[in-house]
Amino acid sequence: MTDLRNYISTHSLGSPLQAAAGEAILALSDAAAQIATLIREPDSSADFAAAQGSANADGDTQKALDVICDEIVASALAAAGVSTYLSEEREEPVSMDKDGLVIVACDPLDGSSNIDTNLSIGTIFSLLPAATGPLQPGRNQLASGFFVYGPQTTLLLTMGEGVHAFQMDASGVFHLLDWAVSIPAQTSEFAINAANARFWHAPAAAYVADCIAGAEGSRGRDFNMRWLGSLVADSWRIFRRGGVFLYPGDRRAGYSEGRLRLIYEAAPVAFLVEQAGGRATDGKNAIMDIVPEFLHQRVPFMFGSDTEMEEIIRHHS
Ligand code: AHG
Ligand code: MN
Ligand code: MN
């Protein structure tokens, strides 16, 4: 069975830039193996969920595990010769190796609200060429992926030649899964935080109302809803069985552009989604085409099964 190291060695031969990307991905997998082990330690959740009394640049209260994961990832990347580290948990870019060829943008711990609920959480990463600086459109990504720390510790990865899935064994080795990753084009399952319904703008509200109207409504079939509060967990399910995920902008103060951050949440997931035959949009533009104006920029984020995404885009046009 192929493991991640074998996979990287055969997928990053083309250039020094690709070799540097491969090194960064292996460093991230070592960090993920450390994080997965840490989370499984007894008594970890009580400590790890503790608020640190600090907020990150986007205003989120930092949990202990947010900060610990950020430090584990940062030290792994520094040892891998990465040029610059962009993190949800760091206000500014962190310069590492001045001769480094790759920028790594990262959400070190996605799903922080789930740390002490024993639900799946994860780490999201995006690799960009260092030559062009931190504010690049997702289209420039060299690779992206996310780890899920759940009943299984898994990795979904793209280096621009499709999407591959891996599962970590007890020793921390990631093994390639026999899964031709492709998001089913059709779905009857949507993911949205329905508690925010009264704040939604018309397009999202109309789309969700049609789903809820089910067989008696204009869609002529019943839908199901899932919302896990961890982007990585909702995403893994959508890659596995199809679905659509919506975190639109809404009327709440601070949520006009939704909640998810472009550089280290939406763009890396959008790269995987497009590589797996799905669509990822802010309602009007492909996520991958949006040029960030600042590091912690939020973006309305809707992605998933191609045919169902057409319906969502229709509502937004
Ligand atoms: P993070 O824990 O890195 O801040 O990300 C949480 C994100 C995403 O994982 C999830 O889909 C979304 O926030 C949940 O938002 P609500 O709590 O508003 O539902
Ligand atoms: Mn996140
Ligand atoms: Mn996070």
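Computed from a prediction, not measured in an experiment: that's the story for all the values here. Atoms within a ligand are numbered from 1 in the order they appear, just like the ligands themselves.
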Peer 1: Is the distance from the ring center of Trp227 to that of Phe245 below 6.0 Å?
Peer 2: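 When the ring centroids of Trp227 and Phe245 are compared, they turn out to be within the sub-6.0 Å range.
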Peer 1: Distance only, no hydrogens: is a donor on one side chain within 3.5 Å (strictly under) of an acceptor on the other, for Tyr264 and His296?
Peer 2: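 His296 and Tyr264 do have a side-chain donor-acceptor pair below 3.5 Å.
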Peer 1: Is there a side-chain contact between Leu127 and Gln141 in this structure, where contact means two heavy atoms from C-beta onward sitting under 4.5 Å apart?
Peer 2: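 Not touching, per the 4.5 Å side-chain cut-off.
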Peer 1: How is the N/O/S atom of Asp110 that comes nearest to the Mn ion (ligand 2) named?
Peer 2: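 Of all N, O or S atoms in Asp110, the Mn ion (ligand 2) lies closest to OD1.
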Peer 1: For the rings on Tyr7 and His164, is their centre-to-centre separation under 6.0 Å?
Peer 2: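 So the answer is yes for these two rings.
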Peer 1: Within less than 4.0 angstrom of ligand 1, does Asp58 place any heavy atom?
Peer 2: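 Checking ligand 1 against Asp58, which is what was asked, there is no heavy-atom contact under 4.0 Å.
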Peer 1: Taking the N/O/S atoms of Glu265 one by one, which is nearest to the Mn ion (ligand 2)?
Peer 2: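 This residue's closest N, O or S atom turns out to be OE2.
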Peer 1: Looking at Asp107, pick out the N, O or S atom nearest to the Mn ion (ligand 3) and give its name.
Peer 2: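 Atom name of the closest N, O or S in Asp107: OD1.
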Peer 1: Gln62 and Asn56: side-chain donor and acceptor closer than 3.5 Å?
Peer 2: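 Asn56 and Gln62 do not have a side-chain donor-acceptor pair below 3.5 Å.
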Peer 1: Distance only, no hydrogens: is a donor on one side chain within 3.5 Å (strictly under) of an acceptor on the other, for Gln186 and Glu308?
Peer 2: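 No, no side-chain donor-acceptor pair sits under 3.5 Å.
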Peer 1: Report yes or no: does a heavy atom of Ile124 sit under 4.0 Å from some atom of ligand 1?
Peer 2: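 No, that is not the case, since the closest heavy atom of the residue is not under 4.0 Å from the ligand.
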Peer 1: Which atoms of ligand 1 have any heavy atom of Arg261 under 4.0 Å away?
Peer 2: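 It comes down to these atoms of ligand 1: 1 (P), 3 (O), 4 (O), 5 (O).
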Peer 1: May I ask you to list the atoms of ligand 1 that are less than 4.0 angstrom from any heavy atom of Glu265?
Peer 2: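 Taking each heavy atom of Glu265 in turn, ligand 1 has 3 (O), 5 (O) under 4.0 Å.
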Peer 1: Answer yes or no for Glu88: is there an N/O/S atom below the 2.8 Å cut-off from the Mn ion (ligand 3)?
Peer 2: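 Short answer: yes, at least one N, O or S atom is under the cut-off.
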Peer 1: Contact between ligand 1 and Gly111 is defined here as a heavy atom of the residue under 4.0 Å from a ligand atom; is it met?
Peer 2: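 Gly111: in contact with ligand 1 (<4.0 Å).
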Peer 1: Quick check on contacts: which atoms of ligand 1 are under 4.0 angstrom from a heavy atom of Ser230?
Peer 2: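 Atoms satisfying the 4.0 Å criterion: 9 (O).
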Peer 1: Which heavy atom of Ser230 sits nearest a heavy atom of Asn114, and at what distance?
Peer 2: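 So the minimum-distance heavy-atom pair works out to OG-ND2, 2.9 Å.
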Peer 1: Is Gly111 close enough to the Mn ion (ligand 3) that one of its N, O or S atoms comes in under 2.8 Å?
Peer 2: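 So Gly111 does not count as coordinating the Mn ion (ligand 3).
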